[in-house]
Amino acid sequence: MDIVILAVVIAVVVLGALGGLIVGSRRKKQLPPPPPAAPDITAPPAEPHVGDEAETPREEPRRTIEEVDLPDGSAPVVVEEPPAEAPEIEIPEPTAGRLVRLRARLSRSQNALGKGLLTLLSREHLDEDTWEEIEDTLLTADVGVQPTQELVERLRERVKVLGTRTPAELRTLLREEMVTLVGPDMDRAVKTEPEDRKPGIVMVVGVNGTGKTTTTGKLARVLVADGQSVVLGAADTFRAAAADQLQTWGERVGAHTVRGPEGGDPASVAFDAVKEGKEMGANVVLIDTAGRLHTKTGLMDELGKVKRVVEKQAPVDEVLLVLDATTGQNGLVQARVFAEVVDITGIVLTKLDGTAKGGIVVAVQRELGVPVKLVGLGEGADDLAPFEPEAFVDALIGE
């Protein structure tokens, strides 16, 4: 019996010891590992070079503060940018005799009128049918009904009285009558130099597509070529890039351009242009107005407003109407409406070197009672010429 009790006691002791060992081993597994000890870091005496990161830093010589050149702080270092290149100023061709120099360009498309008339006048018998053909030729050239009748009557009378029959005599006769018809005695000078003040003020008006802004820029070149200083007023605030186009023309000849915001009040821009022209002592202020459609009454009224606002500072000396010569009789409709709104003082005929018919010069002068003062004979910068009746007629009838 004692042996059994002893065996039980030993078994209990053994089981207890085994249980303690198991519990102890589990507790040891659950404990986190102790944190690693922080290594001792010693700052290197110099920055490592490329490729030297894995190497032991080497000792390098260092300069003291006394050996290093420091800025004295007297003035900041300014990096100068190269100056922007100013646009090159062009020297326009002189205007004297410009139409004569451009005569060949004009005659290439215009002398069909003169040749046709000379051919008809050279017939052996000048009967009624021939004179009707002469009338038709003049009407086709946009001379107009009344001027055509006047020219034919004078030609019939002179041919009958003088009995001129040779080609040279007929050409001389035709030239004299056509020069008379064009109007050699009309004052064609562009009024830019008023006697009592400076600057002279010129407004340029016309419908869309006639080349108005380009004509304004070319007119600036004409005036600069004649020794005058010019200020440009970009009062065409409705057409995109119109002010940029005009400013480019001005920069090429050294003319100052006054402009406003796109879609702004054109009368305000025109007013400022005249004001700046006075302050700068300029000889001439050219005001480019919007290319308004003559059928829009509200826009035409605004054109009248521009003129009234400008005249609060000084009278307008010239109002030049730009007409496309290729539109022929349709241009007369435009001319009538513009003349009702502003007092037109002169006409500029553009595109006279293309398919235009030279008779429009006579017709538009008769319609408005004002002279053609300038003609555009091409796309070149110096292709705007003062109108000279004799040179124009010579180009029409040819040699």
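For the numbers below, each heavy atom of this structure counts, side chains included, while hydrogens, waters and symmetry mates do not. Residues take their numbers from the sequence shown, with the count starting at 1.
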In the structure I gave you, are the side-chain heavy atoms of [X] and [Y] within less than 4.5 Å of one another anywhere?
X      : Y      : value
Leu286 : Val231 : no
Lys373 : Lys191 : yes
Phe387 : Leu374 : no
Asp301 : Lys305 : no
Ile89  : Arg252 : no
Pro389 : Arg188 : yes
Val258 : His256 : yes
Thr215 : Thr350 : yes

Should the heavy atoms of other residues, nucleotides or ligands under 6.0 Å from CD of Glu279 be counted, would the total exceed 12? yes
Take atom CD in Glu176; do more than 12 heavy atoms of anything else shown fall under 6.0 Å from it? yes
Would a distance-only check, ignoring hydrogens and angles, find a side-chain to backbone donor-acceptor pair under 3.5 Å from [X] to [Y]?
X      : Y      : answer
Lys212 : Thr289 : yes
Gln313 : Phe271 : yes
Asp244 : Ala241 : no
Asp317 : Ile201 : yes
Glu177 : Arg154 : no
Thr130 : Leu120 : no
Thr213 : Ala242 : no
Arg366 : Leu368 : no

Any chance the side chains of [X] and [Y] put a donor and an acceptor closer than 3.5 Å?
X      : Y      : result
Gln245 : Thr214 : yes
Thr210 : Asp324 : no
Thr237 : Arg259 : no
Glu318 : Thr345 : yes

How long is the span from the CG atom in Leu174 to the CG atom in Leu181, to the nearest 0.5 Å? 10.5 Å
Can you tell me how far apart CZ (Arg123) and CG (Asp129) are? Round to the nearest 0.5 Å. 8.5 Å
Ion pair present between [X] and [Y], side-chain N to carboxylate O less than 4.0 angstrom?
X      : Y      : answer
Glu311 : Lys307 : yes
Lys275 : Asp272 : no
Glu153 : Arg158 : no
Asp382 : Arg221 : yes

Mind checking whether Val145 and Val362 sit in one hydrophobic cluster, side chains of I, L, V, M, F, W, Y counted as touching below 4.5 Å? no
